[in-house]
Protein chains: 2
Amino acid sequence: MKNEKITLCTEMIRHAGLKATPQRISVLKVLSELKSHPSAEMLMEELETQGHVMSVGTIYNILETFSQKGLILKLKDNQEVMRFDGNTDFHVHVYNKTNDDILDYFDSNLEVILKDYFEGNLPEGLSINRMDVSLYA
Amino acid sequence: MKNEKITLCTEMIRHAGLKATPQRISVLKVLSELKSHPSAEMLMEELETQGHVMSVGTIYNILETFSQKGLILKLKDNQEVMRFDGNTDFHVHVYNKTNDDILDYFDSNLEVILKDYFEGNLPEGLSINRMDVSLYA
DNA sequence: TTGAGTGCAAAGCGTTTGCAAAGCA
DNA sequence: TGCTTTGCAAACGCTTTGCACTCAA
């Protein structure tokens, strides 16, 4: 039922130490139902079609709070600004939050392991141009 | 020597089918020398201290061109906009450039493989909060 | 010469912020 | 009631764009 889901979301929000406002509940509910990975704008539109109108600032505020509490994932993570890398060979990036540094970690074994792995496991005819492995410290 | 490096950069730029302007040469040279992963602004400052002043628009223009030709890597890649994911369990994201879609690919084996792998291979006391594996199709 | 590339400044756009009003606990 | 959260609109900051000028080939 609808109500069960709402109760669950309310539960999760409270459990994270937050007040269960209607805005937060509907954001969490919609985001957990969606199979896609919406942007803030997409989410707002979806919420709007479901009758949950709220302001842009609130959406961003809620999403930020949720991701800090670990309720959702913020893709693109802590890289607010575009960064560039002169080395196009495969390597792992280790993002160090404390000093805003990006370390490189080279390992040709890992590339082979991953390539072999995805070779056999990816759905149908998906051809991958690039792999990106990032660690967040 | 300095000149060798400049010649090499010129070579690479021409080989990519681009005109070897002084701006492009110095950008590629500086970026390949730097061990860090500069933002556009950082790069501009570094260029400036080396006596290569150029306008912001040009920097962005050059970096975009280079990354399209595969000469450099643009971190954060084709995710221009923040996206959100209701599922915080480990899974691979497959970015599909053509339709701006993000597919999920769940595999608990992979998580174990990677965790084990990094366990023994990462430098010293780096503790990882999150791993992100992205494929670009 | 001439089409590609640069400089400059203005515009764009996703995101953040400040503050008053509202509402959960 | 008290303190968190929302709404609104303005501000922010990185990036893009338009157009005239310049220059590599």
Side-chain angles (χ1 to χ4, degrees), chain A residues 6-7 9-30 37-48 51-69 71-72 74-84 100 102, chain B residues 6-7 9-30 37-48 51-69 71-72 74-84 100 102:
Chain A
I6 291 179
T7 310
C9 288
T10 307
E11 203 83 353
M12 291 178 67
I13 293 168
R14 292 223 176 96
H15 189 259
L18 301 169
K19 288 191 180 178
T21 66
Q23 292 87 340
R24 281 179 176 158
I25 293 167
S26 54
V27 165
L28 189 56
K29 183 169 156 291
V30 167
H37 301 73
S39 63
E41 196 188 342
M42 292 165 169
L43 227 176
M44 223 171 60
E45 283 172 12
E46 178 59 27
L47 283 162
E48 212 165 313
H52 303 290
V53 182
M54 66 191 84
S55 69
V56 205
T58 301
I59 293 268
Y60 280 105
N61 180 357
I62 289 175
L63 290 170
E64 180 58 29
T65 308
F66 280 0
S67 89
Q68 279 185 11
K69 294 290 184 181
L71 291 174
I72 66 171
K74 208 171 157 184
L75 306 186
K76 212 176 75 177
D77 212 60
N78 47 1
Q79 323 165 45
E80 315 87 34
V81 178
M82 207 77 81
R83 298 279 204 112
F84 301 90
D100 200 40
I102 306 175
Chain B
I6 290 180
T7 310
C9 288
T10 308
E11 204 83 352
M12 291 178 66
I13 292 167
R14 292 224 177 96
H15 189 259
L18 301 169
K19 288 191 180 177
T21 66
Q23 292 86 340
R24 279 178 178 161
I25 294 167
S26 54
V27 166
L28 189 56
K29 183 170 155 291
V30 168
H37 300 73
S39 65
E41 196 188 342
M42 292 163 168
L43 227 176
M44 222 170 63
E45 284 171 12
E46 177 59 29
L47 283 162
E48 212 164 314
H52 303 290
V53 182
M54 64 192 82
S55 68
V56 204
T58 301
I59 293 269
Y60 280 105
N61 181 356
I62 289 176
L63 290 170
E64 179 58 29
T65 308
F66 280 0
S67 89
Q68 280 184 13
K69 295 290 184 181
L71 291 173
I72 65 170
K74 208 173 160 184
L75 306 187
K76 213 176 77 176
D77 211 59
N78 47 0
Q79 325 163 43
E80 316 88 32
V81 178
M82 207 76 82
R83 296 280 204 113
F84 301 90
D100 200 40
I102 305 174

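Since we're looking at a predicted model, the values are computed, not measured. Chain naming here is simple, since letters A, B, ... match the order of the sequence lines and numbering starts at 1 in each.
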Using whole Å, what does the distance between atom [atom2] of nucleotide [N] and atom [atom1] of [X] come to?
X	N	atom1	atom2	answer
B:Lys69	C:dA4	NZ	C1'	12 Å
B:Leu75	D:dC14	CG	P	17 Å
B:His52	C:dG5	NE2	P	20 Å
B:Leu63	C:dT6	CG	C1'	14 Å
B:Glu64	C:dA4	CD	P	18 Å
B:Lys74	D:dT15	NZ	P	9 Å

Exercise for the section: Please answer whether the main-chain N or O of A:Ile102 pairs with a side-chain N or O of B:His37 as donor and acceptor at a distance below 3.5 Å. Expected result: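 Flag set: sc B:His37 to bb A:Ile102 pair under 3.5 Å.
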For [X], give me all partners under side chain to side chain contact (heavy atoms under 4.5 Å, CB included), at least two apart in sequence or on another chain.
X	value
B:Ser39	A:Val81, A:Arg83, B:Glu41, B:Met42
A:Thr10	A:Ile6, A:Arg14, A:Ala20, A:Ile25
A:Glu64	A:Ser67, A:Gln68, A:Lys74

Problem - Option passing side chain to side chain contact (heavy atoms under 4.5 Å, CB included) with A:Ile13 (candidates A:Ile62, A:Thr21, A:Leu18) - result: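 Between A:Ile13 and the candidates, side chain to side chain contact (heavy atoms under 4.5 Å, CB included) is satisfied uniquely by A:Leu18.
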Exercise for the section: Identify the heavy atoms of B:Met54 and B:Ser26 that sit nearest to each other, and give their distance. Expected result: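 Between these two residues, the closest heavy atoms are CE-OG, 3.6 Å.
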Problem - Non-hydrogen atoms of B:Phe84 and A:Ala40 that approach each other most closely - result: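 Closest approach of B:Phe84 to A:Ala40: CE1-N, 3.9 Å.
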Practice task
With sequence neighbours excluded, tell me which residues meet side chain to side chain donor-acceptor pair (under 3.5 Å) with B:Glu46.
Solution key: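 Once residues adjacent in sequence are excluded, the partners of B:Glu46 under the side chain to side chain donor-acceptor pair (under 3.5 Å) criterion are B:Gln50.
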Problem - Check: B:Val27 and B:Ile72 side chains under 4.5 Å, non-hydrogen atoms - result: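 No, every pair of side-chain atoms sits at 4.5 Å or beyond.
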Practice task
Starting from the first five and the last five pairs of the helix from C:dT1-D:dA25 to C:dA25-D:dT1, work out the angle between the resulting helix axes, to 10 degrees.
Solution key: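 The end-segment axes of the helix from C:dT1-D:dA25 to C:dA25-D:dT1 are tilted 40° relative to each other.
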Handout entry: Presence of A:Tyr60 side-chain N/O under 4.0 Å of C:dT16 phosphate oxygens OP1/OP2
Key =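 Looking at the OP1 and OP2 atoms of C:dT16, neither is under 4.0 Å from any side-chain N or O of A:Tyr60.
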Fill in the blank from the handout: Once base and sugar-phosphate atoms are separated, protein heavy atoms under 4.0 Å mark nucleotides 4-11 of chain D, 5' to 3', with B, S and - as SSBB----
Problem - Residue met sooner reading DNA chain D from 5', once B:Ala20 and B:Ala40 are mapped to nucleotides - result: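 Taking each residue's closest nucleotide, the earlier one in sequence belongs to B:Ala40.
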